[in-house]
Amino acid sequence: KEHTAIVNVVDLWKAPEISTDANPRDQKMNKAVVKDMAESLMSNDGLFRYKNQGITVNCNSVNVENDPTKPMIIELSDDKEDKQGIINGGHTYRVIRDACEQIGSNSDLDPEDELANQSVLVRFFSGINERESIVAIAEGQNSSVAVVPETLIDMDGGFDSMKKMLP
């Protein structure tokens, strides 16, 4: 089964921590992309979930009631060999947790106020128990190609004047 949810980042932070052991990439937090992600989150502009691919979690089961006031119940195995937990989006998850911890450590600030507008897309897979399938999904989820800066400049019209000069 697959469930997709838009989760408030503070609610994700308040939930029990989700393992990133199944994620094939280490969460190296000193990269420029991580810095940009943190800045996007801290802006509290409501666009965070649109600026990244979100988080993908492999789990035993997901229990969702047809009542938005009720929490989703996610069951995860404690056995590392089961490859459950975050299989993609570990950097996003770590940025959210670190930001909430940092805000929460300041007695004058509250994560619920500072990040009230921010949410993240979270996909949950359940019922996939074959190790090879889980590894294949994790590999596919983590093989995206980054957009080169020139493409973004072009999308923003930065090359329009040059294009007009070309035949």
Side-chain angles (χ1 to χ4, degrees), residues 1-42 45-102 104 111 115 117-152 155:
K1 291 185 176 181
E2 179 180 353
H3 297 272
T4 303
I6 298 167
V7 180
N8 179 282
V9 297
V10 175
D11 290 342
L12 188 63
W13 170 63
K14 287 179 176 180
E17 188 154 0
I18 303 170
S19 170
T20 58
D21 290 342
N23 192 328
R25 285 191 271 200
D26 286 333
Q27 284 73 59
K28 293 184 173 96
M29 301 306 287
N30 57 354
K31 293 182 173 186
V33 70
V34 173
K35 182 179 177 258
D36 292 346
M37 193 185 308
E39 286 176 8
S40 172
L41 178 65
M42 297 302 284
D45 63 2
L47 298 176
F48 182 73
R49 79 177 178 103
Y50 302 108
K51 292 181 177 180
N52 70 64
Q53 298 298 316
I55 300 168
T56 304
V57 179
N58 180 43
C59 57
N60 277 336
S61 65
V62 179
N63 183 4
V64 182
E65 293 191 30
N66 209 9
D67 179 352
T69 65
K70 303 278 181 168
M72 295 176 72
I73 308 297
I74 312 304
E75 182 187 331
L76 295 162
S77 170
D78 291 330
D79 187 349
K80 286 185 180 189
E81 293 299 312
D82 288 341
K83 295 292 182 196
Q84 291 193 353
I86 295 174
I87 60 175
N88 189 35
H91 288 94
T92 299
Y93 183 69
R94 189 59 41 216
V95 163
I96 290 168
R97 292 201 59 92
D98 290 352
C100 289
E101 290 295 330
Q102 182 181 6
L115 299 174
N117 296 320
Q118 301 293 34
S119 59
V120 65
L121 183 72
V122 184
R123 295 172 63 198
F124 299 94
F125 294 120
S126 63
I128 302 172
N129 301 316
E130 300 81 27
R131 184 179 176 86
E132 298 79 24
S133 297
I134 296 165
V135 170
I137 291 168
E139 180 181 32
Q141 292 278 314
N142 284 277
S143 64
S144 64
V145 177
V147 176
V148 295
E150 293 84 359
T151 302
L152 297 173
M155 284 179 65

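Computed over heavy atoms, backbone and side chain alike; hydrogens, waters and symmetry mates excluded.
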With a 4.5 Å limit on heavy-atom distance, are the side chains of Leu115 and Trp13 in contact? no

Taking all non-hydrogen atoms of both residues, which atom of Asp11 and which atom of Val7 are closest, and how far apart? CB-CG1, 4.4 Å

Would you please say whether a donor-acceptor pair under 3.5 Å links the side chains of Asp67 and Thr69? yes

Can you tell me if Lys51 has over 12 outside heavy atoms packed within less than 6.0 Å of its NZ? yes

Less than 4.5 Å apart, side chain to side chain, heavy atoms only: is that true for His91 and Val33? no

Side chains of Gln118 and Asp45, heavy atoms from C-beta outward: is any pair under 4.5 Å? yes

One should read off an interatomic distance between Ser40 OG and Tyr50 OH, to the nearest 0.5 angstrom, of 12.0 Å

For a 4.5 angstrom cut-off between non-hydrogen side-chain atoms, does Met72 reach Val62? yes

Please round to the nearest 0.5 Å and tell me the distance separating atom OG1 of Thr20 and atom CZ of Arg94. 6.0 Å

Pairwise distance CD(Glu81) to CG(Asp21) - rounded to 0.5 angstrom: 10.5 Å

Listing, residues 121-130 side-chain donor-acceptor contacts under 3.5 Å, not counting sequence neighbours, or none:
from: Arg123; atom 1: NE; to: Glu2; atom 2: OE2; distance (Å): 3.0
from: Arg123; atom 1: NH2; to: Glu2; atom 2: OE2; distance (Å): 3.0

Asp78, CG: over 12 other non-hydrogen atoms inside 6.0 angstrom: no

For Ile134 and Asn58, which heavy atoms make the closest approach, and how far apart are they? CD1-ND2, 3.5 Å

How close do Tyr93 and Ile18 get, heavy atom to heavy atom, and via which atoms? OH-N, 2.8 Å

How many angstroms lie between atom CE of Met37 and atom CG of Asp98, to the nearest 0.5 angstrom? 11.5 Å

About how many Å separate CD of Gln84 and CG of Asn60, when rounded to the nearest 0.5 Å? 4.0 Å

Nearest heavy-atom approach of Cys59 to Leu76 is CB-CD2, 3.5 Å

What distance do Leu41 atom CG and Cys100 atom SG have between them, rounded to the nearest 0.5 Å? 6.5 Å

With side chains defined as the heavy atoms from C-beta onward, is the minimum distance between Val120 and Leu12 less than 4.5 Å? yes

